[in-house]
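Step one of this worksheet: look at the structure below.
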Amino acid sequence: METNRNVTLTRYAEYNCAFKYIVEEGIEARYIMPPALTKRTEEIGAKYSPDFVCTPFKTTLGSEIEALEAGADTIIMTYGVCRLGYYGELQEQILRDLGYDFDFINLEEYNTGRLRDLLKPVRRLNPKVNVAKLTRAALDAIKMVEYLDEVTGEYYKGCGFDATGEYKKAYKRFLTAMYTATSREDITAGYRRVKEDFQRISLDKPLRPLRVGIVGEFYTGMDAFSNLETEQKLADMGVEVHRWMNITNQFLHNKGIKNLAVKIRDLCTYQMGPTSTANIWAAKEYAERGFDGLIHIKSANCTPEIDIMPVLQNIGADYKIPVLFLTFDSQTSDVGLMTRLEAFYDMIQMRKKVV
């Protein structure tokens with residue numbers, strides 16, 4: 001039984017396809033896709049946000065406003081262990097002060113550790129939800145996320161070595177398939193097609209390409225708009241780009257913070273934030289595997305990522321690997337970013353020849 005809800009969740013990389021699937025196929029509500037993030041999104045969010053809040057707060061607030069303008073009447077807000085945990089309450093108050101009329105479901109209120117409490121916000125959306133159907137949709141969406149992360153990782157490792165543009169077209173077709181999927185069969189078919197396409201496309205890839213590992217803050221590091229497409233820019237220079245941080249690695253198949261901390265106990269004793277341990281672990285992993293450079297991406301005013309910067313500097317010094325620190329906010333210039341990336345590329349390229 002469908003509800004008359006128009007549900008939205010702020011834009012976040014390409015993961016909205018999975019949330020859309022759960023809402024439409026599991027909860028049987030209408031999903032309002034927020035418009036693609038643009039400069040307008042940032043400007044609107046920054047206009048109504050506290051000055052020194054971290055940048056993702058401003059981006060997500062702007063995305064919520066645009067979704068309300070697009071017809072959404074119910075906003076879902078996720079939860080987190082850093083300041084993200086405060087986003088929901090503050091953003092709801094800002095939106096209501098602006099005069100918007102909507103229902104706000106803050107998942108932080110249901111973050112009790114008990115599975116049955118997670119059904120409470122679902123029943124607010126559809127009191128007659130079919131739990132079996134919801135479970136199947138959730139499992140399908142999890143598989144979609146796994147496919148999305150796997151294919152995206154493969155894409156950035158190879159797209160810089162395809163002169164025809166077919167690699168990017170295949171990836172775009174895959175994303176379209178995920179956003180339009182209405183069944184597990186659709187999800188699987190889209191995944192199989194892109195894997196076949198990637199295998200079919202001939203890449204002009206050197207035996208030892210430049211390899212760069214990306215670590216950083218969970219939102220900005222994965223959202224192409226928020227980091228001004230840093231991964232694509234590097235790939236276009238002919239770099240094999242690696243990023244461990246994604247939903248699959250961080251949440252679905254993570255062996256646990258304590259297990260990751262074993263490898264980096266000489267670098268840090270305490271957990272410093274939501275993704276700090278994982279980022280330090282990934283940076284050391286890339287360094288030990290002989291990568292040519294590391295790039296640390298964070299939003300302005302992100303305290304946990306500021307804290308790990310000295311640790312990353314120590315990794316750079318210990319393993320003789322260059323580290324580039326990039327901070328993004330609504331004022332970050334695309335031209336300025338390109339200048340820094342080009343200089344970093346020239347440095348690691350010359351260094352690779354010498355070493």
Side-chain angles (χ1 to χ4, degrees), residues 3-13 15-16 19-20 22-23 27 29-112 117-118 120-122 124-125 217-228 273-275 297-306 327-332:
T3 74
N4 58 0
R5 294 275 194 161
N6 296 309
V7 183
T8 194
L9 175 78
T10 182
R11 274 275 184 173
Y12 178 36
Y15 293 117
N16 290 75
F19 187 74
K20 172 180 180 288
I22 293 175
V23 169
I27 303 175
R30 285 187 292 274
Y31 182 71
I32 302 298
M33 183 68 68
L37 299 178
T38 63
K39 202 67 179 173
R40 177 182 183 268
T41 314
E42 272 190 334
E43 290 172 351
I44 294 174
K47 180 179 180 180
Y48 299 113
S49 297
D51 286 341
F52 295 104
V53 74
C54 48
T55 309
F57 181 99
K58 303 172 183 177
T59 307
T60 55
L61 178 64
S63 183
E64 288 167 349
I65 290 174
E66 291 184 328
L68 290 171
E69 293 173 347
D73 56 35
T74 304
I75 297 175
I76 304 292
M77 185 63 210
T78 185
Y79 56 85
V81 296
C82 62
R83 280 184 283 185
L84 176 60
Y86 301 102
Y87 277 19
E89 188 172 348
L90 184 53
Q91 288 182 342
E92 180 184 7
Q93 189 59 57
I94 291 172
L95 293 171
R96 297 206 186 282
D97 288 345
L98 291 173
Y100 290 103
D101 182 26
F102 58 95
D103 189 16
F104 195 87
I105 299 178
N106 186 356
L107 296 182
E108 184 67 42
E109 299 175 13
Y110 305 94
N111 183 24
T112 63
D117 286 337
L118 293 178
K120 293 179 180 178
V122 173
R124 284 179 60 182
L125 295 173
E217 182 253 310
F218 195 70
Y219 187 94
T220 309
M222 288 192 283
D223 184 71
F225 172 81
S226 298
N227 61 48
L228 300 180
T275 56
I297 293 175
K298 71 175 181 67
S299 68
N301 302 314
C302 178
T303 305
E305 293 305 318
I306 292 173
T327 300
F328 294 86
D329 60 23
S330 56
Q331 305 301 319
T332 302

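Along the sequence shown, residues carry numbers from 1. This one's a predicted model, so the numbers in the text were calculated from it and none came from an experiment.
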Audit row: Glu92, Asn106, side chain to side chain contact (heavy atoms under 4.5 Å, CB included) steps and yes/no: CA-CA 9 Å; Glu92 180 184 7; Asn106 186 356; 5.7 Å; no
What I'd like to find out is whether the side chain of [X] reaches to under 4.5 Å of the side chain of [Y], using heavy atoms alone.
| X | Y | value |
| --- | --- | --- |
| Leu107 | Ile105 | yes |
| Ile75 | Gln91 | no |
| Leu98 | Ile65 | yes |
| Asn4 | Arg30 | yes |
| Arg5 | Ile27 | no |
| Leu37 | Asp223 | yes |
| Leu84 | Phe218 | no |
| Cys54 | Glu217 | no |

Closest approach of [X] and [Y], non-hydrogen atoms and distance?
| X | Y | value |
| --- | --- | --- |
| Gly273 | Pro304 | CA-CB, 4.0 Å |
| Ser49 | Leu61 | OG-CD2, 3.4 Å |
| Thr220 | Ser226 | CG2-O, 3.9 Å |
| Val7 | Ala29 | CG2-CB, 4.0 Å |

Partner residues of Lys47 under the salt bridge (charged side-chain N to carboxylate O under 4.0 Å, His left out) criterion, sequence neighbours left out: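 By the salt bridge (charged side-chain N to carboxylate O under 4.0 Å, His left out) rule, Lys47 matches no residue at all.
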Set of salt bridge (charged side-chain N to carboxylate O under 4.0 Å, His left out) partners for Asp117, sequence neighbours left out: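 Asp117: salt bridge (charged side-chain N to carboxylate O under 4.0 Å, His left out) contacts with Arg114, Lys120.
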Parallel, tilted or perpendicular: rings of Tyr15 and Tyr12 (30°, 60°): tilted
Parallel, tilted or perpendicular: rings of Phe57 and Tyr87 (30°, 60°):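 Rings of Tyr87 and Phe57: perpendicular, over 60°.
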Measure the spacing between [atom1] of [X] and [atom2] of [Y] and express it to the nearest 0.5 Å.
| X | Y | atom1 | atom2 | answer |
| --- | --- | --- | --- | --- |
| Phe225 | Ser63 | CZ | OG | 10.0 Å |
| Lys20 | Ile32 | NZ | CD1 | 11.0 Å |
| Gln331 | Glu42 | CD | CD | 8.5 Å |
| Thr8 | Tyr31 | OG1 | OH | 4.5 Å |
| Ile76 | Asp103 | CD1 | CG | 8.0 Å |

[X] side chain vs [Y] backbone, donor-acceptor pair below 3.5 Å:
| X | Y | answer |
| --- | --- | --- |
| Asn16 | Leu9 | yes |
| Lys298 | Thr303 | no |
| Arg11 | Pro34 | yes |
| Asn6 | Asp73 | no |

Verdict with supporting geometry, Leu90 and Val53, side chain to side chain contact (heavy atoms under 4.5 Å, CB included): CA-CA 11 Å; Leu90 184 53; Val53 74; 5.6 Å; no
Working for side chain to side chain donor-acceptor pair (under 3.5 Å), residues Tyr48 and Asp97: CA-CA 10 Å; Tyr48 299 113; Asp97 288 345; over 6 Å; no
Pair Phe104-Arg96, side chain to side chain contact (heavy atoms under 4.5 Å, CB included): steps then yes or no: CA-CA 10 Å; Phe104 195 87; Arg96 297 206 186 282; 4.0 Å; yes
Distance-only side-chain donor-acceptor flag, Thr10 / Thr60, under 3.5 Å: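 No, because no side-chain N or O of Thr10 sits under 3.5 Å from a partner of the opposite role on Thr60.
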Glu305/Thr275 under side chain to side chain donor-acceptor pair (under 3.5 Å): CA gap, chis, key distance, verdict: CA-CA 8 Å; Glu305 293 305 318; Thr275 56; 2.9 Å; yes
Listed partners of Glu69 passing side chain to side chain donor-acceptor pair (under 3.5 Å), at least two apart: Arg40
Derivation and outcome, side chain to side chain contact (heavy atoms under 4.5 Å, CB included), residues Glu89 and Glu108: CA-CA 9 Å; Glu89 188 172 348; Glu108 184 67 42; over 6 Å; no
Neighbour count above 12 (heavy atom, 6.0 Å) for Tyr110 OH: yes
Side chain to side chain donor-acceptor pair (under 3.5 Å) evaluation trace for Ser299 with Thr55: CA-CA 5 Å; Ser299 68; Thr55 309; 4.5 Å; no
